[in-house]
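Report on the structure given below.
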Amino acid sequence: MTRFLAQRLLQAAAVMVLAALIAFLLFNYVGDPVSNMVGQETSLADRLALRERLGLNDPWLWQFAHFVGHAVRGDFGISYRLQRPVSDLLAERLPATAELVAASALFAIFTGVPLGIFAAVRRRSPVAHVLSTLSLVGVSLPTFVIGMGLIYLFAVTLGWLPSFGRGEVVKVGWWTTGLLTAGGLKSLVLPALTLGLFQMTFIQRLVRAEMLEVLQADYIKTARAMGLRGRTIIFKYALRNAALPVITIIGLKLGELIAFSIVTETVFQWPGMGLLFIQAVSFADIPIMAAYLLLVGFVFVAINLVVDVLYLAMDPRLRAGAIP
Amino acid sequence: MNADPMPGLTMTNGRDLWRQFCRAPVAMAATMIIVLIVVGAVFAPWIAPQNPFDPAALDLSNALIPPAWMSGGDHHFLLGTDDQGRDVLSALLYGTRVSLAVGIGAVVFAAVLGIASGLLAGWRGGIVETLVMRLADVQLTIPAILIALMIDALARATLSPGRHEEVALGVLIFAIGIADWPQYARTMRTGTAVQKTLGYVRAARIIGVKPITIVLRHILPNVLTSVTVLATLGLALAIISEATLSFLGVGMPPTTPSLGTLIRVGQNFLFSGEWWIVAFPSLVLVIMALAVNLLGDWLRDALDPRLV
C-alpha cells in the first residue's frame, strides 16, 4: 500500500513539474518579457538593466527555481493586458467557475446514477431502450451545441431564463456567490445543465454497465434465492459493489468538467476562469495562460490523489496488500 | 499456455462481419449517412452552388436570406445565406470537408503514434515498456480536450495571425492526435504482450525471422481489430474536439472555416432571429458525430462484446 501511494505521489509530482516547466517556458521565452513591461521610448541600456534586474540573465535552472518559488506563494506576475496581478484576477474569477462546476457535478450525479440503476434493473423495459439511445445522442452532442440549443429555446424563444452572465451576486467575504439570489440561481440553470449533460449521459452508461455486471454475480443469485427483497438486493448488495469503479471514474470526470467549463463559460459569457483564459489566448496574455495552466494542473493532480486514496479506503482488498 | 489469442476478443472474419452488418439496420443507416457526408465533402467544389470563399462570388444584396421554404426565401440559396451573402449550403459542404480532414488526420496520427509505441512497449518490455506506459498514464490523468486546447492556444498566442492561418490545420491535427494516442498505446501493448507468448511468434523467432518482420507482418494484423473500434469511436471524438476548438477561436480561422468556425461566427445571429446560419452547421456536426458513434458502437458489439 505504501508503495502504491508513493508511486502515485511521484506521478503527481512529475505532472506538476512538467506543468510548471511548460508555464515557465511560456512565461520567459514566448515574446520578450522586457518589451512587454516597458514603453517604446525606453533606451537599450535601460532595457539591459531591467533584464539584469529581472534575473533574465541568470542560468535557466536558477530562473526556473525562482519562478516556482513565486508561483508557490501565489505570485504569477502581472497581466499584460489588464495590468493587474494575475493572482487577483484568478481569485476574482474562481467562485464563478467553482459554483458552475459544482452545480453541474451535482446535477450529473443525481440524475445519472438513478437513471443508470433503472436502466440496469429494468433493462428490457422500453424506457431503458430510450435511455440507451438518448445516451448515445448525448455523447455525440458537443457542449457548445447543447448550450446554444438551450439558449435558443429557454432564453430567446421562451424568455424564461437569462442567456449570459451570473446575474445578481452577493459577496460573502472575498467569495462572490450567485446562489443566494433568485437572479443568480436562474442564471446558473442553463450553464449547469449544458456542462452537466454530457457527464450525466456518461455516468448513466457507466452505472448501467457496472450494475449489469454485478447483478449477474453469484452472490446476487444467492440473495434472490434466499428471498431477499428486490430493493434490499439492489441497493444494499449490488449498488455497493458497483459503486467502487463508478466513484473513481466520477472523480476523474471532475477534471473533464473543469476542462469543458472553458467551453460553457464562453457560450454563456460566464465570468469564470475559463473565460479569462480564452480571452487571454486571443490577446497573447502569457502570464494569465501560464497561471491557469499551473492552477488547473494542480487541481487535476489533487483530484487524482484524492481518488486514489478513496479507492484504497473503500476497497479492503487493496488495503490487504494485493495491489493490482 | 493461453489459447485465447486476446482475452475477451472473439475473432470475427470479414464474411461474418458482413453478414452481421446486413442484419443491423442502424449500422447500415449510419454507414449510408457517413458515405453521403463524405461524398458531399470530397466533391464540395463540384457540388456546391457557389464558392463561398471567393469574395467575387459574394453579393451583399443577397445577405441574410432565409432558407428556401420560408417566406422571403430564394431557391438559389436552399439553406439561406449569412450576413455577407454567402450561401449556407456551400459553406456547409466546404466546412464539412475541413472538419473531416482534421478528424481523419488526427485519428491517423494518434493511431500511428499509439500503435508504434504500444507495439514497441509490448514487444520490448522492461524499461521501454515502463517509460511508455507511465507517460500514457500521466497523460490520461489530464482530459484530452485540455491538452489539445493548450497546444492550440500556444500556437494561437505565439504565431502571427497570418502564419497561424497557414498552419492551423496541421496544428489541430497534431494537437488532437497527441491528446489521443495513449488509448491506442494501451490496447496495443496488452495485445502485443499476449501475442508474443503464442506459438506462432516463438516459431517465427526460432526459424530466425527478423523481429521487425515478426512485429509488423505477424503480430500487427492480429491486434489491429481492437484498434479499429477505438479509431471509429475516436473519429467522432476528434470531429467534436475540432469543432469545440474552432468554436473557442483557437482552431480553424474564418478564412478556411470548419463546421466549428461556422458555428462560432454564426452564434451571434441566434439572438437576432437568423437561426439558419448557426443551426445547419450544428445539425450536420451532430448528425456526423452520431452516425460515426452508432457505427463504432455497433462495431464494438460485433467484434468484441466485452471491450468497454
Side-chain angles (χ1 to χ4, degrees), chain A residues 7 10-12 14-15 18-19 22 26 29-31 132-133 136-137 139-149 151-152 155-157 163 205-206 209 252-253 255-260 262-263 266-267 274 277-286 289 292-293 296-297 300-301 303-304 307, chain B residues 26 134-135 137-150 152-159 233 236-237 239-250 259-260 263-264 266-267 270-273 275 278-279 281-283 285-294 296-297 306 308:
Chain A
Q7 199 189 359
L10 212 67
Q11 225 176 67
V15 175
L18 197 69
I22 295 173
L26 256 181
Y29 298 105
V30 174
S132 74
T133 311
L136 211 61
V137 177
V139 294
S140 308
L141 277 172
T143 309
F144 61 96
V145 171
I146 299 175
M148 286 190 306
I151 287 181
Y152 191 70
V156 178
T157 311
S163 64
R205 279 164 77 104
L206 180 70
L252 297 178
K253 286 283 155 182
E256 220 159 77
L257 277 179
I258 295 170
F260 277 102
I262 299 174
V263 182
T266 306
V267 176
F277 172 74
I278 274 297
Q279 285 165 348
V281 169
S282 46
F283 289 95
D285 199 341
I286 304 292
M289 289 174 65
Y292 184 81
L293 179 69
V296 168
F300 284 154
V301 165
I303 291 174
N304 274 292
V307 166
Chain B
V26 176
R134 277 288 161 270
L135 191 64
D137 283 349
V138 167
Q139 202 190 312
L140 279 171
T141 60
I142 306 166
I145 186 81
L146 203 66
I147 294 175
L149 177 61
M150 286 298 172
D152 273 312
L154 275 183
R156 175 79 172 68
T158 53
L159 299 173
L233 293 171
L237 211 63
I239 289 172
I240 291 179
S241 299
E242 185 282 325
T244 305
L245 295 169
S246 292
F247 175 80
L248 289 174
V250 297
L259 292 174
I263 297 169
R264 170 185 173 79
Q267 66 167 327
L270 210 55
F271 295 98
S272 50
W275 52 267
V278 61
S282 310
L283 200 65
L285 176 64
V286 172
I287 290 176
M288 186 154 72
L290 185 62
V292 175
N293 264 334
L294 282 169
D297 218 49
R306 279 183 49 195
V308 177

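A note on names: the letters A, B, ... follow the listed sequences, proteins ahead of strands, and every chain is numbered from 1.
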OG on A:Ser132 to CZ on A:Arg205, rounded to 0.5 Å
8.0 Å

Under 4.5 Å to a heavy atom of chain A? For B:Arg134 that would be side chain

Is chain B contacted by the side chain of A:Val301, its backbone, both, or neither, given a heavy-atom distance below 4.5 Å?
neither

Pick one of side chain, backbone, both or neither for A:Met148, based on which atoms fall under 4.5 Å of a heavy atom in chain B.
both

Please flag which part of B:Asp297 lies under 4.5 Å from any non-hydrogen atom of chain A: side chain, backbone, both or neither.
side chain

Does any heavy atom of chain A fall under 4.5 Å from the side chain of B:Val278, the backbone, both, or neither of them?
side chain

A:Val156 versus chain B, the contacting section by heavy-atom distance below 4.5 Å:
side chain

Which one, A:Thr143, A:Ile262, A:Ile22, leads in non-hydrogen pairs under 4.5 Å with chain B?
A:Ile262

Engaged part of B:Leu285 at the chain A interface, taking heavy atoms whose separation is under 4.5 Å
side chain

Looking at B:Ile287, B:Val292, B:Ile263, B:Asp152, which makes the most heavy-atom pairs under 4.5 Å with chain A?
B:Ile263

Let me see the working for B:Arg264 and B:Ser246 under side chain to side chain contact (heavy atoms under 4.5 Å, CB included), right down to the final yes or no.
CA-CA 7 Å; B:Arg264 170 185 173 79; B:Ser246 292; over 6 Å; no

So for A:Phe277, is it side chain, backbone, both, or neither that comes closer than 4.5 Å to the heavy atoms of chain B?
side chain

Counting only non-hydrogen atoms closer than 4.5 Å, does B:Leu149 touch chain A with its backbone (N, CA, C, O), its side chain (CB onward), both, or neither?
side chain

Would you indicate whether the side-chain heavy atoms of A:Asn304 and A:Gln11 approach each other to under 4.5 Å?
no

Which residues share a salt bridge (Lys or Arg N to Asp or Glu O under 4.0 Å) with A:Asp285, sequence neighbours left out:
none

Measure the OG1-CG distance between A:Thr157 and B:Leu270 for me, rounded to the nearest 0.5 Å.
8.0 Å

Give, as side chain, backbone, both or neither, the part of A:Ile278 having an atom under 4.5 angstrom from any heavy atom of chain B.
side chain

With rounding to the nearest 0.5 angstrom, report the NZ to CZ distance, A:Lys253 to A:Phe260.
8.5 Å

Region of B:Ala236 in contact with chain A, defined by heavy-atom distances below 4.5 Å:
neither

Under 4.5 Å from any heavy atom of chain A - which part of B:Ile145
side chain

Counting only heavy atoms closer than 4.5 Å, note whether A:Leu18 contacts chain B via side chain, backbone, both or neither.
neither

At a heavy-atom separation under 4.5 Å, does A:Val263 approach chain B through its side chain, its backbone, both, or neither?
both

To the nearest 0.5 Å, what is the distance between CG (B:Asn293) and CG (A:Leu136)?
5.5 Å

Please classify the contact of B:Val250 with chain A as side chain, backbone, both or neither, using a heavy-atom distance under 4.5 Å.
side chain

Hey, what do you get for OG (B:Ser282) to CZ (B:Phe247), rounding to the nearest 0.5 Å?
9.0 Å

Just how far is it from atom CE of B:Met150 to atom OH of A:Tyr292, taken to the nearest 0.5 Å?
6.0 Å

Pairing residues for A:Phe300 by the ring pair (Phe, Tyr, Trp, His ring centres under 6.0 Å) criterion, not counting sequence neighbours
none

So, do A:Thr266 and A:Phe144 sit near enough that their side-chain heavy atoms are less than 4.5 Å apart?
no

